[in-house]
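A short write-up of the structure that comes next.
Below, all heavy atoms of this structure are taken into account, side chains as well, without hydrogens, waters or symmetry copies. Sequence lines set the chain letters: A, B, ... in the order given, protein chains first and strands last, and positions in each chain run from 1.
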Amino acid sequence: MTTARDRTAVDAPELRRRVRALLDAHPPADTGRLDFLRARFDAGLAWVHYPAGLGGLDAPRSLQAVVDAELEAAGAPDNDPRRIGIGLGMAAPTILGFGTDEQRARLLRPLWTGEEVWCQLFSEPGAGSDLAALGTRAVRDGDGWVVDGQKVWTSSAHLARWAILIARTDPDLPKHRGITYFVCDMTDPGVEVRPLRQITGEAEFNEVFLTGVRIPDSHRLGEVGEGWRVAQTTLMNERVAIGGGRIPREGGMVGLVATTWRDRPELRTHDLHQRLLRLWVDAEAARLAGERLRQQLALGQPGPEGSAMKLAFARLNQELSALELELLGEEGLGYDDWTLRRPEHVDFTGREAGYRYLRAKGNSIEGGTSEVLLNIIAERVLGLPPEPRTDKDLPWKDLPR
Amino acid sequence: MSTPDLLYSEAEDDLRAAVRSLLTDRCPAPAVLAQAESDRPYDPAVWRALGAEMGTAGLLVPDKLGGQGATAREVAVVMEELGRAVAPVPYLTSAVLAVSALLGCDTDEDAVARLLRELAGGRTTGTLVLPLPGTPGEELPPATVRSGREGTLSGEVRGVAGTLGAELLLVPADGPGGYGLYAVTATDPGVTVTALTSLDLTRPLATVTLDRAPARRVAEADRARSALRRALLTGAGLLASEQLGVAEWCLTEAVRHTRERHQFGRPIGSFQALKHRMAALWLELVSARAAARHAADALATDSPDIEVAVAVAQAYCGEVAVHAAEECVQLHGGIGMTWEHPAHLYLKRAKSAEIALGTPGRHRQLLAGLVDLPAPTG
């Protein structure tokens with residue numbers, strides 16, 4: 001049995017035809033970057049698996065690579081995905097999944113073109129691993145909401161036009177049930193963004209203070225009280241976004257240390273040699289595990305190994321960058337620059353050894369601490385029983401804090 | 001270098017299911033323990049069913065020599081299952097080490113072809129008479145056996161696995177006739193095999209003493225050396241899959257036990273102090289599986305990366321199996337220290353296998369040369 005959708009399914013030759021039509025109508029050489037990106041979105045070639053009219057063609061997600069390759073070959077501009085990662089990876093799938101037609105039509109196009117940058121207002125000083133304990137309040141006021149609270153670890157907040165926000169709308173319910181999901185206008189006068197200087201001296205992230213911020217009810221995503229469930233979509237897409245392409249042997253941190261080892265024979269010691277060989281083996285085994293995961297995904301058999309990768313790379317980045325500092329000895333006692341900077345892109349293997357050592361400390365905290373990930377593996381993969389919980393059924397307002 | 005296939009094919013899954021079903025049926029933990037306490041080196045009925053009747057003894061041997069014409073990938077799957085069951089069968093020593101050594105000889109020679117046919121059929125059991133810790137890639141140790149002009153061998157080799165109950169001994173020997181690999185029939189006069197009390201109850205070792213034992217040379221000089229090196233490399237690479245199987249059983253049983261065992265009014269597996277240790281072990285298993293598959297695939301495809309792949313798999317999987325077995329004992333508490341519970345069989349296999357065919361440390365030393373991470377000078 002074939003459905004209507006199968007009959008109209010867009011295949012690779014059809015996508016190539018549409019790419020050619022786009023390029024003919026808007027030659028990249030004579031078209032402004034933004035005009036080209038808008039035309040690409042309107043042609044359904046932005047993210048082909050999205051619905052028609054919202055930048056896509058209801059095509060299989062795997063065919064996006066066909067479009068990207070054709071456009072790259074033609075020298076067309078892209079939307080600088082690293083700059084707008086939160087919008088593309090987290091906000092967009094949530095808006096698509098839970099937004100109204102009006103929200104999708106208003107928000108997705110400028111999100112994809114990069115005209116409007118997005119950030120994520122989830123973590124709070126008092127709600128990190130236990131995100132559902134968040135205390136930012138949203139109180140109904142006429143046909144809208146008034147929000148007060150503080151968010152933290154917000155990248156791109158200083159550039160963002162919009163934020164995805166979760167806030168507590170009913171403190172009398174248990175913590176998971178009293179949360180609602182909103183789109184927050186970052187230009188509201190009640191939003192204050194302050195750089196959050198971190199261990200490396202720079203400020204990748206921000207603190208965001210929300211004081212009497214007004215959000216119209218039309219900017220709510222999903223039902224009142226359903227915010228936790230909506231946020232699961234966002235967080236699941238965050239994990240999908242991690243992964244990436246094939247890594248060659250000695251890709252990443254291990255390659256930097258190995259190169260220093262080869263180039264600087266005068267720095268070698270027996271102790272460091274033993275540790276380096278051990279870490280080299282661990283890194284190669286982890287790389288192979290990542291390759292195996294990619295082969296499983298290509299066959300449509302995703303395994304739970306994805307969470308293993310983040311844990312493995314956090315440990316390896318930390319131990320290898322620490323070893324590199326010791327290897328460098330006297331040079332390891334210096335640091336390139338403590339100035340407060342606001343980097344546009346973050347590269348864990350960038351700058352100098354001291355920066356890499358310090359930045360790697362975040363790898364076991366950001367996007368889920370290693371301890372929480374171990375719990376997830378133990379409970380969801382191995383089927384071990386959860387710790388007894390006292391906080392699941394108590395009203396949020398009665399939780400000890 | 002082409003991308004290695006790190007997954008299991010459907011045929012490999014089917015082979016696994018068949019081997020597992022046989023071992024579940026014929027080789028449960030109490031039977032393994034009873035076998036270890038008997039004076040037989042292995043269970044001949046299980047070995048016959050697995051090696052001869054199921055045909056796994058000849059997986060590496062080409063069809064025209066009476067084997068299955070399969071590759072190291074399939075053998076690796078058998079090894080995983082044998083590790084999971086700590087099966088007391090001479091598979092590594094006969095179907096992997098002895099077969100690989102003969103495959104490195106001139107298989108157009110009738111004598112070599114005949115021996116391969118016998119091993120492939122699984123009715124004859126053979127082994128390579130080298131101390132089990134021999135490391136591939138290192139200089140071969142000087143032969144402790146001398147060949148005489150009259151075609152006999154004399155000397156002693158200690159710490160040899162798979163000799164007890166074997167009919168065919170493949171012996172490296174040096175002498176007036178030069179270095180060579182010799183075939184000796186274990187039942188001939190002049191051959192004495194003395195059992196050692198071994199740490200690993202399921203893969204017992206022996207001392208082989210030859211006193212003017214009749215022998216036939218199957219390879220000489222460089223051919224013999226390269227055959228031995230290839231056999232050690234194949235054995236080491238595939239041992240990683242056995243170690244993966246051992247580790248898998250240990251983690252599965254630790255999880256099973258800690259879910260059921262209650263103390264302080266709750267299953268002990270709900271304590272983070274314990275569950276984090278098991279999750280960490282699972283992480284090690286994910287990497288161990290990838291490393292073991294990589295080595296098996298490199299052996300199967302004769303990849304240019306074969307030496308690195310084997311050294312990585314051995315440096316990694318040996319320690320994972322030992323860690324898993326040690327955790328299995330600890331997480332079982334008192335019952336893990338008993339003779340009755342099978343955890344000790346896995347610990348003994350894991351620790352022995354870590355030393356077999358090169359310790360992880362020796363494989364890391366090899367990698368230093370293979371991937372250009374040289375030691376400090378002076």
Looking only at non-hydrogen atoms, find the nearest pair between [X] and [Y] and report the distance.
X: B:L6; Y: A:R292; answer: O-NE, 2.7 Å
X: A:E371; Y: B:H276; answer: O-NE2, 3.3 Å
X: B:S270; Y: A:P386; answer: CB-O, 3.4 Å
X: A:A378; Y: B:A279; answer: N-CB, 4.2 Å
X: B:W282; Y: A:I377; answer: CE3-CG2, 3.4 Å
X: B:V312; Y: A:V281; answer: O-CG1, 4.0 Å

| field | A:P385 backbone acceptor or donor facing B:K275 side chain under 3.5 Å | value | yes
| query | Do side-chain atoms of B:Q272 reach the backbone of A:E387 as a donor and acceptor pair under 3.5 angstrom? | reply | no
Any chance you could measure [X], atom [atom1], to [Y], atom [atom2], to the nearest 0.5 Å?
X: A:L384; Y: B:T258; atom1: CG; atom2: OG1; result: 5.0 Å
X: A:L288; Y: B:R293; atom1: CG; atom2: CZ; result: 12.5 Å
X: A:E250; Y: B:L373; atom1: CD; atom2: CG; result: 6.0 Å

So with a 6.0 Å cut-off around [atom1] of [X], is the heavy-atom count from everything else above 12?
X: B:D372; atom1: CG; answer: yes
X: B:R362; atom1: CZ; answer: no
X: A:Y355; atom1: OH; answer: yes
X: B:E253; atom1: CD; answer: yes

| request: Can you sort out the partners of A:D130 under side-chain hydrogen bond (donor to acceptor under 3.5 Å, both in side chains), two or more places apart, ordered by chain and number? | output: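 Residues passing side-chain hydrogen bond (donor to acceptor under 3.5 Å, both in side chains) with A:D130: A:K175.
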| Residues that B:R229 engages under side-chain hydrogen bond (donor to acceptor under 3.5 Å, both in side chains), provided they are two or more places apart | none
Under 4.5 Å from a heavy atom of chain A, the part of [X] involved:
X: B:P360; value: neither
X: B:L251; value: side chain
X: B:R266; value: side chain

| Interface residue of largest heavy-atom contact number with chain A, from B:T377, B:V371, B:L367, under 4.5 Å |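 Heavy-atom pairs under 4.5 Å are most numerous for B:V371.
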| query | Is B:V286 close to A:L293 at the side-chain level, that is, under 4.5 Å between some pair of heavy atoms? | reply | no
| Contact check, side chains of B:H294 and A:E284, non-hydrogen atoms, under 4.5 Å |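 Yes, their side chains come closer than 4.5 Å.
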| request: With a 4.5 Å heavy-atom cut-off (strictly below), which parts of residues 264-276 of chain A touch chain B? List them by number. | output: A:R268, A:T269, A:H270, A:H273, A:Q274, A:L276
| task | Sort by residue number and list every member of residues 313-335 of chain B having a non-hydrogen atom under 4.5 Å from chain A. | result |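 From residues 313-335 of chain B, the residues near chain A are B:A315, B:Y316, B:E319.
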| With chain B, which of A:P388, A:A258, A:A312 has the greatest number of heavy-atom pairs at distances under 4.5 Å? |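 Sorted descending by pairs with chain B, the first entry is A:P388.
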